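Quantities reported herein were computed from a predicted structural model and do not represent experimental measurements. The basis for the numbers below is simple: all heavy atoms, side chains too, and nothing from hydrogens, waters or symmetry mates. By convention here, the first residue in the shown sequence is residue 1.
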Amino acid sequence: MARTARAPWKRANPRKRTGEASKHLSPAKKSAAKARARRAGRRYPNLVDNMRMAAKKTSRKKASKKASKSKSSKAKKTSARKTRKRTAKKAKSRRRSASAREKDPRGGLTAAGRKAFARRQGADLRPGVTKKESEMTPQEMRRKGSWAVRFYGRAKLPPLVDAKGRPTRHALSAHAWGEPVPKTVAAARRIAAKGERLLARYRRAKSGG
């Protein structure tokens, strides 16, 4: 048969056994214990109401510790989130900076941009041909003619200007090849026609005609 637990007032004070000093209720807790005893019709002082008030104090401490831990955890999470945002922002800024260094603001790629493209794509990009037609070699005619037809001879052209009327990167590529930046379809088609002429000259030079 299970032993029945003795009432707390019949047990020895555990603090005396361990040699610890007894803790006393604060005046506010004593008043609360006295009021509780009066409501229950008990004489005061008594152990029951004192224990109840002491337990409430302990539970409040636990709740305070729990709240403190929760606040600390939230603060850590917030700090980690801010750190991730800062890291992402810095990475984005570095990518933008690298992209800005690789693109010539006047059109085409810079030398650094061509090297970066070669690393990523394995392609050997060379600067655009900006010489006069009379000074071009057959290979230069082929390169420039091929670029002009490929960029500005396609059936449907990409936008040449943005919403603010500024030339797009597609239009600005003409500058890298020594051509005026086209802002209209007609101007782009003129560059394509020049490319066709250059390719025709290249074919004649190649055949020895």
Which heavy atom of Arg142 sits nearest to which heavy atom of Gln139, and what is that distance? NE-OE1, 3.1 Å
Distance in Å, Met53 CE paired with Asn50 CG, rounded so as to fall on 0.5 Å steps: 9.0 Å
Thr168 versus Pro159, closest heavy-atom pair with distance: OG1-O, 2.8 Å
Any chance you could measure Arg81, atom CZ, to Thr83, atom OG1, to the nearest 0.5 Å? 10.5 Å
Heavy-atom distance under 4.5 Å between the side chains of Glu196 and Val149, does that happen here? yes
Salt bridge (charged side-chain N to carboxylate O under 4.0 Å, His left out) partners of Arg36, counting only residues at least two apart: Asp49
Interatomic distance, Met141 atom CE to Lys206 atom NZ [nearest 0.5 angstrom]: 14.0 Å
Distance col, row Arg52:CZ vs Asn46:CG, nearest 0.5 angstrom, shows 13.0 Å
Determine, stepwise, if the pair Arg38 / Tyr44 fulfils side-chain contact (heavy atoms from CB on, under 4.5 Å). CA-CA 8 Å; Arg38 192 184 304 115; Tyr44 191 80; over 6 Å; no
As an exercise, state the distance from CE of Met136 to NZ of Lys132, rounded to the nearest 0.5 Å. 11.0 Å
Shortest non-hydrogen contact between Ala174 and Val181, atoms and distance: CB-CA, 4.2 Å
Whether Ser146 side chain and Arg143 backbone form a donor-acceptor pair below 3.5 Å: no
Start with the C-alpha distance between Leu160 and Lys183, add both sets of side-chain angles, then the distance that settles side-chain contact (heavy atoms from CB on, under 4.5 Å), and finish with yes or no. CA-CA 6 Å; Leu160 298 172; Lys183 290 189 176 182; 5.6 Å; no
Find the distance between NZ (Lys34) and CZ (Arg39) and round it off to the nearest 0.5 Å. 13.5 Å
Please check: side-chain N/O of Lys144 versus main-chain N/O of Trp177, any donor-acceptor pairing under 3.5 Å? yes
Do Phe151 and Leu172 share a hydrophobic cluster (ILVMFWY, side-chain heavy atoms under 4.5 Å, transitive)? no
Between Trp147 and Tyr152 (judged by ring centroids, cut-off 6.0 Å), do the two rings come close enough to count as a pair? yes
Considering only heavy atoms from C-beta outward, does the side chain of Glu179 approach that of Thr130 to under 4.5 Å? no
Is any NZ, NE, NH1 or NH2 atom of the basic residue among Arg201 and Glu133 found under 4.0 Å from an Asp or Glu carboxylate oxygen of the other? yes
For residues Ala187 and Pro182, report the shortest heavy-atom separation together with the two atoms involved. CB-CB, 3.7 Å
Looking only at heavy atoms, which two atoms of Ala155 and Arg189 are closest? And how far apart? O-NH2, 3.2 Å
